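First comes the structure, then the notes that go with it.
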Amino acid sequence: MKPMKLAALLTVIVTGGLLLFATSDLPDWGDPLSPANASDLSTYYIQDSRDVTEVPNLVTAVLADYRGYDTMFETVVIFVAGLGILSILGQGKCEEPLAQPVASEQNRERDMITIITCRLVVPIIQIFALYVIAHGHYSPGGGFQGGVMLGSSFILIALTSGLPDALKRMSQERAIFLAGLGVLIYAGTGLVCMALGRNFLDYEILHKLMGGTGVKARYDSMLIVEIGVAFTVMAIMFIIYAVLSSKGRMRGGL
Amino acid sequence: MIWSFDIIVLIFLVIAAVIALSVRDLLASSMVLGIYSFLICILWAEMGAVDVAFTEAAVGAGVSTVIMIATVFQTTRKSKD
Amino acid sequence: MSLMINIVSGALILVGLTFFLAAAVGIVRFPDFYTRMHAAGKGDTLSTILILLGVALYTVGDFSIETLLVAIKIMAIAVFIMVTSPTSTHALMQAGYDDGIKPFEKEKEDKKDSEDQPEV
Amino acid sequence: MDVFLDFLIAKFNYWIYVILMMIGLFAMIAKNNLIKKLVGMCIFQTAIILFYVSIGVKEDARIPILTGHEVPHGGHYHTEDHERPYIDAKTVTNPIPHVLMLTAIVVGVSTLGMALAIAQKVHLHYDSLEEDEILAKLQLGNND
């Protein structure tokens with residue numbers, strides 16, 4: 001293994017030296033007039049996107065509206081990753097004994113203090129996650145962050161009172177259903193736009209269904225899309241944990 | 001942006017990365033990777049990317065570390081390098 | 001009035017940082033796992049709450065509904081930390097106990113070497 | 001001294017990103033343990049994301065959330081009637097890199113989960129996470 005390490009070191013030093021040399025051509029850190037910062041596109045987003053969408057958080061506006069196509073397929077990537085993990089490790093057919101003694105499954109006494117605290121804390125986390133999803137237009141947050149927080153609240157249940165307890169609340173089938181539902185909500189919004197005669201994910205036309213003006217339709221459909229993202233992310237985060245912590249058996253766990 | 005704060009956090013970042021790769025216990029390695037994620041989260045908050053920092057705080061310190069530890073628990077804790 | 005609030009909040013933050021320093025010194029200097037977690041759990045919780053209290057007081061300095069809302073949010077964080085931080089310390093201790101870590105005993109250390117300070 | 005300090009502030013970030021990236025690359029090539037390789041992958045990935053985010057930084061700029069905005073009540077959204085203040089693009093951080101990288105982080109954690117699942121599968125088959133041991137067992141299997 002020694003020559004391999006030497007070759008790696010050589011590669012890294014050469015590549016790093018070249019990249020360090022190339023940094024002299026980059027614009028200064030924090031330069032407001034660098035090509036990326038002074039481009040017409042970013043100036044447009046900063047100056048005009050609030051008038052067009054009524055959303056003060058520019059990141060949400062660009063994420064869910066202008067770059068909605070990109071975000072939709074990122075959601076699909078997450079969905080596919082969850083399915084891939086399930087198909088690599090899932091099945092629950094593996095017969096080799098558990099790494100830890102089976103006692104951890106049922107008999108091990110769970111700690112009362114942590115369970116009670118988590119019962120206290122999990123609803124607060126979930127409410128805060130819903131707040132993050134719904135308030136993403138005005139503050140940092142949105143579907144991805146809220147979804148991860150919702151997923152981690154289920155992970156917290158699985159960590160304290162055991163994976164079976166968490167699977168009772170969010171079974172594998174339900175998680176996959178919710179993940180698919182999230183993608184369906186996102187793509188369905190786009191398809192409704194198409195059905196009304198505009199391009200895919202061009203929310204402005206949705207005011208015919210929701211009432212109000214085109215601007216309000218964009219504002220509202222961003223929330224719908226974020227909810228779809230949150231469903232997918234929540235379900236997939238929980239599936240990843242549930243599969244990895246139980247080697248795909250969906251029982252036992254940490 | 002506060003450049004002095006930035007430089008300090010960046011130096012800590014390199015230290016955390018080196019420790020995460022050089023420690024032989026994989027559990028400790030995952031924990032240090034969680035610290036690394038949190039330092040990056042601080043860095044992004046300082047750079048004005050609040051949404052990215054929020055995501056990293058939820059993902060890096062929450063989910064990423066947990067699934068890493070779950071894998072280490074299910075496989076093996078020892079590492080030869 | 002504003003100056004008074006600034007002084008009080010600054011003092012609160014300073015006291016909190018002192019406790020933080022004490023907790024950090026405790027983590028380094030205490031002899032075994034349990035005492036270290038003792039220092040970390042108690043010192044961290046108290047100092048974080050004191051610092052957050054100082055920040056909340058500083059925010060209320062120029063009083064309006066918005067700053068009051070921000071202060072209430074900060075205090076909500078403090079309450080959350082007050083519930084969760086001791087629990088996480090307890091869970092860590094429990095895990096260490098289940099794993100069979102022996103607590104530090106003074107007598108055995110004395111037999112080994114008669115130094116005043118226990119080995120870290 | 002001032003010239004040197006300005007140069008340091010302007011370029012120090014990029015140097016550290018390159019160093020982090022190279023640490024990750026070295027770990028991915030040279031480390032023997034599969035989990036260590038994944039840790040290296042994480043570090044590499046975050047270095048690239050750091051580079052992207054730092055492109056959008058502007059000196060003395062605010063976060064990309066506009067304030068001074070009153071929420072219209074009762075569904076009255078007359079954008080033409082509102083007096084919008086002119087926003088100087090220099091005072092707001094560039095939001096585009098944030099958007100690109102926000103999704104990259106969440107996709108990154110799901111790919112990390114995928115990689116960990118493959119590592120668990122490898123451990124299930126070869127009972128080891130060390131590269132050389134796995135290769136030795138593969139050789140053994142081929143010789144049969």
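Lettering follows sequence order; numbering is per chain, from 1. Quick caveat, the model's predicted, so the values are computed rather than measured.
- Of the listed residues Leu25(D), Leu102(D), Ile63(D), the one with more heavy-atom pairs under 4.5 angstrom with chain A than any other is Leu102(D).
- The number of heavy atoms from other shown groups lying within 6.0 Å of OH (Tyr203(A)) is above 12.
- Contacts of residues 13-22 of chain A with chain D at a heavy-atom distance below 4.5 Å involve Thr15(A), Gly16(A), Leu19(A), Leu20(A), listed in sequence order.
- With chain A as partner, the option from Val92(D), Ile29(D), Thr103(D), Ile105(D) having the largest number of non-hydrogen pairs under 4.5 angstrom is Thr103(D).
- Side-chain contact check for Leu9(A) versus Phe26(D): some heavy-atom pair is nearer than 4.5 Å.
- Smallest separation of non-hydrogen atoms from Ile65(D) and Pro140(A): CD1-CD, 3.4 Å.
- Heavy atoms only, all atoms of each residue included: Gly56(D) and Asn37(A) are closest at CA-OD1, 3.5 Å.
- Only the backbone of Ser24(A) comes within less than 4.5 Å of a heavy atom of chain D; no side-chain atom from C-beta onward does.
- The minimum heavy-atom distance linking Val12(A) with Met22(D) is given by the pair O-SD, 3.4 Å.
- Minimum interatomic distance between Lys11(D) and Leu26(A) (heavy atoms only, all atoms of both residues): NZ-O, 2.6 Å.
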| request: Please lay out, stage by stage, how Leu63(A) and His98(D) fare under the test side-chain contact (heavy atoms from CB on, under 4.5 Å). | output: CA-CA 9 Å; Leu63(A) 181 86; His98(D) 302 181; over 6 Å; no

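- Contacts with chain A (heavy atom to heavy atom, under 4.5 Å) involve no residue of residues 41-48 of chain D.
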- Task: Applying side-chain contact (heavy atoms from CB on, under 4.5 Å), run through Arg67(A) and Leu100(D) and close with a yes or a no.
- Result: CA-CA 9 Å; Arg67(A) 297 188 62 87; Leu100(D) 298 177; 3.4 Å; yes

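- Atom NZ of Lys137(D) has more than 12 heavy atoms from other residues, nucleotides or ligands within 6.0 Å.
- Nearest approach of Ala36(A) to Asn94(D), heavy atoms of both residues: O-ND2, 3.1 Å.
- Remark: Thr23(A) OG1 to Phe12(D) CZ distance equals 12.0 Å, nearest 0.5 Å.
- Using a cutoff of 4.0 Å between basic side-chain nitrogens and carboxylate oxygens, Asp31(A) and Lys58(D) are not scored as salt-bridged.
- Only the side chain of Ile96(D) has a heavy atom closer than 4.5 Å to any heavy atom of chain A.
- Heavy atoms of Met21(D) lying under 4.5 Å from chain A belong exclusively to its side chain.
- Ranked by non-hydrogen atom pairs under 4.5 Å with chain D, the options Val229(A), Val80(A), Asn57(A) are led by Asn57(A).
- Scanning all heavy atoms of the two residues, the minimum distance from Thr93(D) to Ile46(A) falls at O-CD1, 4.2 Å.
- At a 4.5 Å heavy-atom cutoff, the contact between Val18(D) and chain A is made by side-chain atoms alone.
- In terms of non-hydrogen atom pairs under 4.5 Å with chain D, the most contact-rich of Ile78(A), Val62(A), Leu244(A), Val59(A) is Leu244(A).
- Only the side chain of Ile240(A) comes within contact range of chain D, judged by heavy atoms closer than 4.5 Å.
- No more than 12 heavy atoms of other residues, nucleotides or ligands shown are found within 6.0 angstrom of OH on Tyr69(A).
- With sequence neighbours left out, Tyr45(A) forms a ring pair (Phe, Tyr, Trp, His ring centres under 6.0 Å) with Tyr66(A).
- In this structure, the portion of Ser139(A) lying under 4.5 Å from any heavy atom of chain D is its backbone and not its side chain.
- Within residues 107-122 of chain D, the residues having any heavy atom under 4.5 Å from a heavy atom of chain A are, by residue number, Val107(D), Val109(D), Ser110(D), Gly113(D), Met114(D), Leu116(D), Ala117(D), Ile118(D), Gln120(D), Lys121(D).
- In this structure, chain A has a heavy atom under 4.5 Å from the side chain of Phe51(D), while its backbone stays farther away.
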